[in-house]
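Numbers restart at 1 for each chain; the letters A, B, ... are given by sequence-line order, proteins then strands. What you see below is based on every heavy atom in this structure, not just the backbone, and it leaves out hydrogens, waters and symmetry mates.
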Protein chains: 2
Amino acid sequence: MSLVFPMAVTSADKTFYQLRQDIVEGLIPAGSKLSETELSTKYAVSRAVIREAINRLTSCHIVERKANIGARVVELTPEGLIELYQVRESLEGMAARLAAKNMTELEIKDLMALLDTHFTTVESEKTYYQEAGDVDFHYRIIMGSKNTQLITLLTEGIYHLVRMYRVQLGMAGPRVTTAFAEHTNIAQAIQNRDEELAEMLMRRHILYSKNNIENKLLTPTDTTRKSL
Amino acid sequence: MSLVFPMAVTSADKTFYQLRQDIVEGLIPAGSKLSETELSTKYAVSRAVIREAINRLTSCHIVERKANIGARVVELTPEGLIELYQVRESLEGMAARLAAKNMTELEIKDLMALLDTHFTTVESEKTYYQEAGDVDFHYRIIMGSKNTQLITLLTEGIYHLVRMYRVQLGMAGPRVTTAFAEHTNIAQAIQNRDEELAEMLMRRHILYSKNNIENKLLTPTDTTRKSL
DNA sequence: ACTGATTACATTGTCGACAATATACGTCTT
DNA sequence: AAGACGTATATTGTCGACAATGTAATCAGT
């Protein structure tokens, strides 16, 4: 297990990561109740460990806990996803602004290199980019902001929720090529140290992405999509 | 104790609120170690309760915990405060934008009424406004956004940290009257449902506030200020 | 006297048991 | 038969004890 989650030192850590993964991947369905005793037998740890893991998931907004009643996995609603994207828009917009100011030349160079590999990947297999590449790009800019508050809020909080939506609603859309162009423009603005433009482009990028997802949620023609 | 924290039902709740207050108010100094056994005797609860409280404080970024070593209250640094204000700028900017869209007419009316009382208060005793009034104003706009993610991030996370800085660095500045004017303009923009302007004014308002605080931190002429 | 290892201590992590609370069921009353 | 009350059960909250880890002191060797 320590091979799977190298950063996890304590048992509660591992359980937290495992539980989060199982919820995000949909193995534990959205809205379902999290019984402490049940989970403690399932993951072969004490209830105290499970409780700590659940508490940490609560502060990520992945589960909701009520005193003396119990914890449930959050329900996935269109409104919830929109709220998430509004927060993303503001935070990642600021991240792009700060990245334009604080990223080192080397980091920017690496970012450009990443876009190059994406360019070739997009041409061959179109699915890859959406999955990992997009996350990679955003991740680097977030880290480039050098703002620890911003970084933890996004990477340890919001992103897992976003991924939960993505996975469970089966988002793998046709926005691949256009998103690539947007990424390129954002990277350019950062390279030019144009904070204002970097923020604006990032906000628009996320806004477009939100609109794209909203359309998909409201026009359920794809039968392969998992149900809400 | 339940009279002090009415929202706290469980013992861990009360301990969490009490501990947070004691840290924010500076009773437990910044950077100090949080011994579980020590705190459990001090607050007359079991170590499990203390652990849960500490974990919750960790996710608020008020304390930092290292596995097998322990938890410490965060250190207050100028850089940390700046990071906080950058996050505030982006999140509260978005909150103002959403408030301009989503606040009810009644809520806006109440907001205006609040500003009226502030106006009279500012003329008489100049200290009050900074303390509670400013928080009140921002709080209403945050709630007015109707975005639960945004609301919890700000009111349960960032705001307590900001207050910790404010209290412990003794911020009670001469920005009272100018801040009042800014508040008025923001409220006006919200009343006019001008999302763009509301966001912009809010961002500037927080930016000014940040600059004001930076100046104070870098020009330590006031001897009454508590030391870092 | 200084460095290294070893041992003793203190602190955190984990566990099973007990207490308190909420839910579900059955009974009694109208 | 429907509703209210009380009990029974299951689940969460809390606790003290034990295990594992980190830290500091002690001692040996050079």
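Out of D/dT12, C/dG13, C/dA22, the shortest distance to the side chain of A/Thr10 is found at C/dG13. For B/Asn68, whose side chain is taken as the heavy atoms from C-beta onward, the closest listed nucleotide among C/dT14, D/dG13, C/dT12 is C/dT12.
In this entry the distance linking NZ of B/Lys33 with C1' of D/dT23 reads 11 Å, nearest Å. Between the P atom of C/dA20 and the CD1 atom of A/Ile69 lies a distance of 19 Å, rounded to the nearest Å. One can place CG of A/Leu39 at 12 Å from P of D/dT11, the figure rounded to the nearest angstrom. What separates CG of A/Asp13 from C1' of C/dG13 is a distance of 11 Å, to the nearest Å. Per the geometry, CZ belonging to B/Arg65 stands 11 Å off C1' belonging to C/dT11, to the nearest Å. Regarding A/Glu36, its CD atom lies at a distance of 11 Å from the P atom of D/dT14, rounded to whole Å.
Of the residues in residues 44-56 of chain B, B/Arg47, B/Arg51 come within less than 4.0 Å of DNA chain C through at least one heavy atom, sorted by number.
Taken to the nearest 0.5 Å, the OH atom of A/Tyr165 stands 11.0 Å off from the OH atom of A/Tyr85. Note that the CE atom of B/Met143 and the CG atom of B/Leu150 stand 11.0 Å from one another [nearest 0.5 Å]. In this structure, CD1 on A/Ile151 lies 10.0 Å from CD on A/Gln149, to the nearest 0.5 angstrom.
Between A/Asp134 and A/Arg166, at least one side-chain nitrogen of the basic residue sits less than 4.0 Å from a carboxylate oxygen of the acidic one, meeting the salt-bridge criterion. A salt bridge is defined here as a Lys NZ or Arg NE, NH1 or NH2 lying under 4.0 Å from an Asp or Glu carboxylate O, and A/Lys210 with A/Glu89 fails to meet this definition.
Distances shorter than 4.0 Å separate none of the side-chain N or O atoms of B/Arg72 from OP1 or OP2 on C/dT11. Side-chain N/O atoms of A/Lys66 include none lying less than 4.0 angstrom from OP1 or OP2 on D/dG13.
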N/O donor to acceptor pairs below 3.5 angstrom from side-chain atoms of residues 97-105 of chain B, sequence neighbours left out:
from, atom 1, to, atom 2, distance (Å)
B/Arg97, NE, B/Glu199, OE1, 2.4
B/Arg97, NH2, B/Glu196, OE1, 3.2
B/Arg97, NH2, B/Glu199, OE1, 2.9
B/Asn102, ND2, B/Leu98, O, 3.4
B/Asn102, ND2, B/Ser145, O, 3.1
B/Thr104, OG1, B/Glu107, N, 3.1
B/Thr104, OG1, B/Glu107, OE1, 3.4
B/Glu105, OE2, B/Arg193, NH2, 3.0

